[in-house]
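One structure below.
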Amino acid sequence: MKTWRALLALPALVIAGCGVVPGSGGRPCTLIGGDSGVTVQLDAADFTEQVRDADASILLRLCADGVCKEGTVAKRDHGGMSRVFVQLDENIGAVTVPVRFTVVSGDRELYDERADVKLRKSQPNGEGCSPTLYQAGLTAHPGRGLIDS
């Protein structure tokens, strides 16, 4: 290829490399991914009374819109932060979904809270750039229930 043709193609390559896509108003779109869903985080320090006497791992169970996910916190990690994420359909929309979060140790239920949670629209790559996600973040608190994060 002749040098002058390569120089003419350079601006197009630079624009394409920066991620400018049709419908983005000429702004570059980043390539951040993500999932629609609900996250609940738990700071074990808030649950000192509940987990102090736990003999084994703690089971965290999150259900959102009928989809459930479990996670465990090992006894040695009872003082840290934990989170559980339930992935929902990417196109679910900004709807309200039922959420239930439980914490169990052995056969003892330490925490059981329910809430109706509104999913919020999120566009991590900017307005007009895909993906469009719908998410909610909650913090579990022993005295206050599930709090919007």
Side-chain angles (χ1 to χ4, degrees), residues 6 8-51 54 56-149:
L8 287 176
L10 189 58
L13 291 172
V14 169
I15 289 172
C18 290
V20 175
V21 295
S24 68
R27 294 184 333 269
C29 291
T30 57
L31 298 175
I32 299 170
D35 294 304
S36 292
V38 177
T39 301
V40 173
Q41 69 178 14
L42 172 138
D43 185 349
D46 290 338
F47 287 80
T48 304
E49 282 183 38
Q50 291 87 341
V51 300
S57 295
I58 296 171
L59 175 69
L60 310 175
R61 181 175 171 87
L62 172 61
C63 296
D65 201 34
V67 180
C68 298
K69 178 80 179 222
E70 294 182 346
T72 58
V73 180
K75 180 154 177 66
R76 68 180 179 281
D77 296 327
H78 285 186
M81 184 75 74
S82 299
R83 54 187 84 210
V84 181
F85 174 74
V86 168
Q87 183 175 344
L88 300 174
D89 179 61
E90 183 177 320
N91 300 316
I92 191 167
V95 298
T96 299
V97 296
V99 172
R100 181 178 184 189
F101 183 67
T102 57
V103 179
V104 177
S105 176
D107 59 355
R108 255 182 5 160
E109 187 174 271
L110 306 175
Y111 185 81
D112 185 359
E113 287 291 332
R114 298 167 195 244
D116 290 325
V117 178
K118 174 93 171 158
L119 300 176
R120 293 180 300 265
K121 181 179 176 181
S122 171
Q123 291 185 295
N125 296 307
E127 188 68 33
C129 298
S130 64
T132 298
L133 310 172
Y134 299 92
Q135 304 171 326
L138 303 165
T139 299
H141 189 276
R144 297 175 26 209
L146 295 171
I147 305 163
D148 194 24
S149 308

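Throughout, numbering of the chain's residues begins at 1 and tracks the sequence.
- Between Leu110 and Ser105, the shortest heavy-atom contact is CD1-CB, 3.8 Å.
- Each of Glu90, Lys121, Lys118 was checked for a side-chain contact (heavy atoms from CB on, under 4.5 Å) with Tyr134, and the lone residue meeting it is Lys121.
- Judged purely by distance below 3.5 Å, without hydrogens or angles, the side chains of Asn125 and Thr30 pair a donor atom with an acceptor atom.
- Looking only at side-chain heavy atoms (C-beta outward), Leu146 and Tyr111 come within less than 4.5 Å of each other.
- Asp35 meets the salt bridge (charged side-chain N to carboxylate O under 4.0 Å, His left out) test with no other residue; sequence neighbours excluded.
- Taking OG1 of Thr102 as the reference point, atom CZ of Arg114 lies at 9.0 Å (rounded to 0.5 Å).
- For Ser130, there are no side-chain contact (heavy atoms from CB on, under 4.5 Å) partners two or more places apart in sequence or in a different chain.
- Taking the side chain as every heavy atom from C-beta outward, Leu60 and Ser82 approach each other to under 4.5 Å.
- For Pro124, the side-chain contact (heavy atoms from CB on, under 4.5 Å) criterion is met by Ile32, Ser122, Pro131, Leu133, not counting sequence neighbours.
- Annotation: salt bridge (charged side-chain N to carboxylate O under 4.0 Å, His left out) contacts involving residues 134-143, sequence neighbours excluded, are absent.
- Between Asp65 and Pro98, some side-chain heavy-atom pair lies under the 4.5 Å cut-off.
- Proximity of Ile92 to Val97: side-chain heavy atoms (C-beta onward) are separated by under 4.5 Å at one or more points.
- Between Phe101 atom CZ and Leu138 atom CG the span is 9.5 Å, to the nearest 0.5 Å.
- Not counting sequence neighbours, the partners of Asp148 by the salt bridge (charged side-chain N to carboxylate O under 4.0 Å, His left out) test are Arg120.
- Residues Glu70 and Val84 form no side-chain contact, since every pair of their non-hydrogen atoms from C-beta on lies 4.5 Å or further apart.
- Rounding to the nearest 0.5 Å places CZ of Arg100 at 8.5 Å from CZ of Arg61.
- Each of Thr39, Val38, Leu62 was checked for a side-chain contact (heavy atoms from CB on, under 4.5 Å) with Phe85, and the lone residue meeting it is Thr39.
- For Asp107, there are no side-chain contact (heavy atoms from CB on, under 4.5 Å) partners two or more places apart in sequence or in a different chain.
- Residues Thr139 and Asp43 fail the side-chain proximity criterion, which asks for heavy atoms closer than 4.5 Å.
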